[in-house]
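Here's the structure we're looking at; comments come further down.
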Amino acid sequence: MRLAVRMPPGPVLPFAAGRAPRLPLWAAPMAGGPSSTALLATVGAAGGLGVLPGGYLTPEAFEQRLDALAAASPAPWAVNLFLPGPPTADPEGVAAHAAALGPLAAAHGVALGEPRWEDDAIDAKVELLAGRRPAAVTLTFACPDPGLVGRLRDATGALVVATTTTPAEAAEATAAGVDALTVQGSEAGGHRGAFRDDPAAPGGGQLVPLLDLLRRTRAETPLPLLAAGGLMSGADVRRALDAGASGAQLGTAFLCTPEAGTSPTHRRALLDRRYAGTTVTRAFTGRPARGLANPMATAHPGAPSAYPEVHHLTRPLRAAAAEQGDPDAVHLWAGEGWRGVTEEPAGDLVRRIARDAGLGDG
Ligand SMILES: Cc1cc2nc3c(=O)[nH]c(=O)nc-3n(C[C@H](O)[C@H](O)[C@H](O)COP(=O)(O)O)c2cc1C
C-alpha cells in the first residue's frame, strides 16, 4: 500500500538544480565528533540532507572532511560554520571559573587549557568552500553580514541559512539577505545559536519552545523555515511542518546510531539514563548549550559568558574525562527529547521518521 504523501505546507526551499534532497529531513551539524562522514553519507543515501559541521576544525581538517564526504557520497549535502562573536569575555569571570574547575582537572590528571579568543578560522573555511557545491551553507552564533551572505552564495551557489532563536533574530537575518532560517527552539541539544549571548540571562536570551517560535517567526519573515529542537519522531516532525516549517533538522535523534561518531561516554550516558534530564549551561564552553544535567553542567550556574575562551579552558578536562569514561565532567549535548534516542541504523531512522511524518518512504 502506498501512503499518502503530505509535503510541508511552508514555502519551498529554493535549492539550486540537482541539489535538493528527496526528503525535507536534515541531520543537524554536530561538531566535535558525532556527525561522522559515515553518518552524513547514510543520511544522504536515505534521502535526507546531512550537514557537515565545520566548527572547531582547523582549515586543513575541514578540507579533509569536505573531500571525504565528496568521496563517500554522491547525494546532496550541506555545511555549517560558526560565526565568531566579539572578544568580550570578562577576564575576572574566566579566572573565577578556572579556579573553580582547577581541582576537578587535577583529579583527572590534567591542567586546564589557556583561555583564548579565536575566530574559528572563518575566512579560511569560507575560502575552502569556493567551487564546492553544497546544497546549503548554514551559519550559527551570529547574524551574517550581507557581504558574507553574498560571498557564500557567489562562491557555492548554495542556500545561505542563518540559525535564529527569537523572532527578532529572524527579522535581523531576513534583512541581511539570507535564503532561509533554521529556527532553533529551546528544546534543542547543543549550543544555542543566539546572535548575542546575554550574560544576564541563564540561557543567553529568550528560551522559546519550537512550535511557538515557528508561529511567531512565521509572522516576522516570508523566508522558508527549518525547524530544530526536540524532534525525535515522525509525529514531532509532522507537528513542526504543520506549524509552518519547510523542513526539519534533527540532532539528538542521530547521536546513538551506529554510524555517528559520538564518543562511547556520551552514548552510554544517553542510553543508561543515569542523569534525570537536560539543562542549559555555560560551564563547558562559555556559551549556553543544552546537555544532560551531569555534575559539571549543574555545579556552575555562574559560569561566565566567554566563548570560545571557556571552550579552550575546559577542553583538556573534558577530553581526559571522556577518555577515562567519566561522564560527570564531559559535555553531553542532548535535546529535551533525548529519552527517544535509539540505536537503529541512521538510514532506518530517516525512513521511519519520513514514513511516520507522512512524507513517504524517501
Ligand atoms: C552533539 C551536538 C552538537 C551540535 N553541534 C552543532 C554545530 O556544530 N553547529 C550547529 O549549528 N548546531 C549544532 N548543534 C545544534 C543542532 O544544530 C540542532 O539545533 C539541535 O541538534 C536540534 O535539537 P535536537 O538535538 O533536540 O534535535 C549541535 C547539537 C548537538 C546535540
Side-chain angles (χ1 to χ4, degrees), residues 25-36 39-40 43 48-57 62 65 78-84 120 122 125 136-142 144 160-165 173 181-195 207-211 213-214 225-233 236-237 240 245 247-257 260-263 265-267 269-270 277-278 280 284-285 287-292 297 307-308 311 318 322 330-342 349-350 353:
L25 297 176
W26 299 29
M30 294 190 283
S35 296
S36 64
L39 178 63
L40 302 175
V43 167
L49 189 69
V51 188
L52 190 160
Y56 307 137
L57 301 176
F62 182 53
R65 289 293 316 269
V79 63
N80 172 254
L81 299 176
F82 290 175
L83 296 182
D120 208 56
I122 181 70
K125 289 175 185 175
V137 181
T138 74
L139 305 165
T140 190
F141 294 171
V160 181
V161 183
T163 304
T164 59
T165 62
L181 304 176
T182 298
V183 172
Q184 190 192 44
S186 55
E187 302 91 336
H191 283 112
R192 311 277 317 133
F195 290 173
L207 289 176
V208 188
L210 179 62
L211 294 182
L213 185 59
L214 281 170
L225 308 178
L226 191 64
L231 305 177
M232 302 297 288
S233 69
D236 293 340
V237 167
Q249 177 159 274
L250 291 72
T252 301
F254 287 101
L255 280 174
C256 291
T257 60
T262 313
S263 75
T265 305
H266 194 172
R267 268 176 207 271
L270 286 162
T278 65
V280 175
F284 297 103
T285 66
R287 197 176 221 289
R290 183 177 294 283
L292 294 177
Y307 180 88
H311 164 75
R318 292 181 284 128
V330 180
H331 57 292
L332 302 169
W333 300 154
E336 286 186 349
W338 66 282
R339 285 188 188 77
V341 292
T342 68
L349 176 64
V350 171
I353 288 183

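Numbering of ligands and ligand atoms starts at 1, following listing order.
- Between the Lys125 side chain and the Phe82 main chain, no donor and acceptor come within less than 3.5 Å of each other.
- With a 4.0 Å heavy-atom cut-off, ligand 1 is reached by the backbone of Thr252 and by its side chain too.
- Listed by chain and number, the residues in a side chain to side chain contact (heavy atoms under 4.5 Å, CB included) with Arg290 are Thr278, Val280, Glu336 (sequence neighbours excluded).
- In terms of protein heavy-atom proximity, atom 11 (O) of ligand 1 is nearest to Asn80 ND2, 3.2 Å.
- Here atom 15 (C) of ligand 1 lies nearest to Gly189 when heavy atoms of Gly190, Gly229, Gly189 are compared.
- Using a 4.5 Å cut-off on side-chain heavy atoms (C-beta onward), Trp26 and Thr138 make contact.
- A heavy-atom separation below 4.0 Å is not found between Tyr56 and ligand 1.
- Nearest protein neighbour of atom 19 (O) of ligand 1, counting heavy atoms only, is Gln184 NE2, 3.1 Å.
- Counting only heavy atoms of the protein, atom 7 (C) of ligand 1 lies nearest to Pro29 O, 3.3 Å.
- A donor-acceptor pair shorter than 3.5 Å cannot be found between the side chains of His191 and Thr140.
- Geometrically, ligand 1 and His191 share no nitrogen or oxygen pair separated by less than 3.5 Å.
- At a 3.5 angstrom cut-off on N or O pairs, Ala334 does not count as close to ligand 1.
- By the 4.0 Å heavy-atom criterion, Thr163 is excluded from the residues contacting ligand 1.
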